[in-house]
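Just the heavy atoms: all of them, side chains too, but no hydrogens, waters or symmetry mates, feed the values below.
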Amino acid sequence: MLIQEVVTDLPAEEVVRRAKEFFSLRLTPYAAFTEDAGAGHVRFSTEAGDLTIGVGRQGDRNLVRGSTSRMHHELSQFLTTLAPPEEVRQNLPGPGVSGAG
């Protein structure tokens, strides 16, 4: 499981809305279906596996964290729409993080 994150000024609801739009409409090889969603999270199911995005406060900004086992490139593309690409951090330490895939 690869985890990527970025800090943004966007509100959580806007991040979730943008994620739904991005993954439902822009992924041409894989159709993404929303499995679960709330004000601060969304989980998608695709042929390539699951993708989860969560949003939480970090100081006066929002931390957006995404995890996926196979859709690393697509997740990176989405996160760079929320903040400059150089701010996206990848392969964060934690349980289950292998970076494989």
How long is the straight-line distance from [atom2] of [Y] back to [atom1] of [X], given to the nearest 0.5 Å?
| X | Y | atom1 | atom2 | result |
| --- | --- | --- | --- | --- |
| Leu51 | Ser67 | CG | OG | 7.0 Å |
| Ile53 | Leu79 | CD1 | CG | 6.5 Å |
| Leu75 | His73 | CG | NE2 | 11.0 Å |
| His72 | Gln77 | NE2 | CD | 13.5 Å |

Less than 4.5 Å apart, side chain to side chain, heavy atoms only: is that true for [X] and [Y]?
| X | Y | answer |
| --- | --- | --- |
| Lys20 | Val42 | yes |
| Phe33 | Thr46 | no |
| Thr52 | His41 | no |
| Glu5 | Leu63 | yes |
| Asn62 | Val7 | no |

Exercise for review: Using the ring pair (Phe, Tyr, Trp, His ring centres under 6.0 Å) rule, collect all pairs that involve residues 48-71, keeping only residues at least two apart or in two chains.
Suggested key: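 Matches after skipping sequence neighbours: none remain.
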Can you give the donor-acceptor pairs under 3.5 Å from side chains of residues 9-19 to other protein atoms, not counting sequence neighbours?
residue: Asp9; atom: OD1; partner: Arg61; partner atom: NE; Å: 2.8
residue: Glu14; atom: OE1; partner: Arg17; partner atom: NE; Å: 3.1
residue: Glu14; atom: OE2; partner: Arg17; partner atom: NH2; Å: 2.7
residue: Glu14; atom: OE2; partner: Arg18; partner atom: NE; Å: 2.9
residue: Arg17; atom: NH1; partner: Glu21; partner atom: OE1; Å: 3.2

Practice item. Indicate the atoms forming the closest heavy-atom contact of Ala48 with Met71, along with that distance. Key: CB-CG, 3.8 Å
Practice item. Over all heavy atoms of both residues, which pair between Ala32 and Ser24 is shortest? Give the atoms and the distance, please. Key: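 Looking at all heavy atoms of both residues, the shortest contact is O-OG, 3.9 Å.
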**Study point:** side chain to side chain contact (heavy atoms under 4.5 Å, CB included) against Ser45, all qualifying residues, sequence neighbours excluded
**Key:**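 Residues passing side chain to side chain contact (heavy atoms under 4.5 Å, CB included) with Ser45: Glu35, Asp50.
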**Study point:** By ring-ring contact (aromatic ring centres under 6.0 Å, His included) - contacts of Phe78 (at least two apart)
**Key:** Phe22, Phe23
Review point. Can you name the side chain to side chain donor-acceptor pair (under 3.5 Å) partners of Ser76, sequence neighbours left out?
Key: Gln4, Gln90
